[in-house]
Student: 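Dumping the structure here so I can ask a few things about it.
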Amino acid sequence: MNGKMTQDKMIQVLELFSAVKYTDLLVSQFFDLDSEKNLDQKIKVLSKLKNGIPPSNIPDYYDILELYPRDGQLWD
């Protein structure tokens with residue numbers, strides 16, 4: 001992905017994250033703002049959250065939580 005496009009998407013992700021971080025506990029704890037993986041998917045999911053769609057109605061919701069413990073990992 002081209003650097004400018006990646007930077008623009010990262011800015012969009014940051015703006016969307018800022019809009020939902022206080023209303024979604026899992027996003028505030030387990031979203032990796034430094035990761036450039038799956039930016040389009042992150043934008044899509046965060047946009048839905050911002051528009052009031054509950055996580056249970058967003059199929060890719062847990063996919064964007066890169067820091068979420070998986071496969072028996074423990075977290076504090």
Side-chain angles (χ1 to χ4, degrees):
M1 191 179 305
N2 131 357
K4 174 73 171 136
M5 185 182 303
T6 299
Q7 182 180 9
D8 290 347
K9 287 184 180 188
M10 289 292 288
I11 290 169
Q12 189 174 1
V13 165
L14 178 59
E15 290 171 351
L16 288 165
F17 174 82
S18 295
V20 301
K21 70 180 177 181
Y22 296 114
T23 58
D24 190 292
L25 182 63
L26 291 180
V27 167
S28 68
Q29 288 186 329
F30 299 113
F31 190 87
D32 186 356
L33 274 174
D34 296 324
S35 172
E36 294 181 2
K37 291 185 203 173
N38 304 318
L39 292 176
D40 291 327
Q41 183 181 32
K42 289 176 180 179
I43 290 168
K44 180 179 169 184
V45 171
L46 291 172
S47 294
K48 288 180 179 184
L49 289 170
K50 182 180 176 186
N51 290 327
I53 298 173
S56 60
N57 293 343
I58 304 172
D60 299 337
Y61 175 77
Y62 287 97
D63 295 339
I64 68 160
L65 303 176
E66 295 176 80
L67 302 176
Y68 190 80
R70 307 217 195 277
D71 300 324
Q73 294 175 328
L74 299 177
W75 58 281
D76 297 324

Student: CG of Asp63 to NZ of Lys37: how many Å apart, nearest 0.5 Å?
Tutor: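 Asp63 atom CG to Lys37 atom NZ measures 12.0 Å (nearest 0.5 Å).
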Student: Under the side-chain contact (heavy atoms from CB on, under 4.5 Å) rule, what do Ile58 and Leu49 come out as? Steps first, then yes or no, please.
Tutor: CA-CA 8 Å; Ile58 304 172; Leu49 289 170; 3.7 Å; yes
Student: About how many Å separate CG of Asp32 and CD1 of Ile64, when rounded to the nearest 0.5 Å?
Tutor: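 Here the interatomic distance stands at 11.0 Å.
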Student: Do Glu36 and Thr6 pair up side chain to side chain, a donor and an acceptor below 3.5 Å, judged on atom types alone?
Tutor: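 Distance-only check fails for Glu36 and Thr6.
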Student: Tell me if a side-chain donor or acceptor on Asn2 pairs with a main-chain N or O of Lys4 at a distance below 3.5 Å.
Tutor: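 Side chain of Asn2 to backbone of Lys4, a donor-acceptor pair under 3.5 Å: yes, one is there.
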Student: Looking at Phe17, does the NZ or CZ of Lys42 lie under 6.0 angstrom from its six-membered ring centre and within 45 degrees of the ring axis?
Tutor: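 Lys42 over Phe17 ring: no.
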Student: What's the spacing between Leu46 CG and Gln41 CD if we round to 0.5 Å?
Tutor: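 Answer for the CG-CD pair, Leu46 versus Gln41, is 10.0 Å.
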Student: How long is the straight-line distance from NZ of Lys48 back to CG of Asp60, given to the nearest 0.5 Å?
Tutor: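 Asp60 atom CG to Lys48 atom NZ measures 7.0 Å (nearest 0.5 Å).
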Student: Where do Leu67 and Phe31 come nearest, in terms of heavy atoms and distance?
Tutor: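 Closest approach of Leu67 to Phe31: CD1-O, 3.9 Å.
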Student: Report yes if the side chains of Pro55 and Leu26 come closer than 4.5 Å at any heavy-atom pair, otherwise no.
Tutor: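 No, their side chains stay 4.5 Å or more apart.
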Student: For the NZ atom of Lys21 and the CG atom of Leu14, what is their distance to the nearest 0.5 Å?
Tutor: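 It comes to 8.0 Å.
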Student: Ser35 and Met10: which non-hydrogen atoms are nearest, and at how many Å?
Tutor: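 Smallest interatomic distance, heavy atoms only, reads O-SD, 3.7 Å.
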Student: Which heavy-atom pair separates Ser47 from Ile43 by the least distance, and what is that distance?
Tutor: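 What the structure gives for the nearest pair is OG-O, 2.7 Å.
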Student: Atom CG of Asp8 and atom CD1 of Ile11: how far apart are they, to the nearest 0.5 Å?
Tutor: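 CD1 of Ile11 is found 6.0 Å from CG of Asp8.
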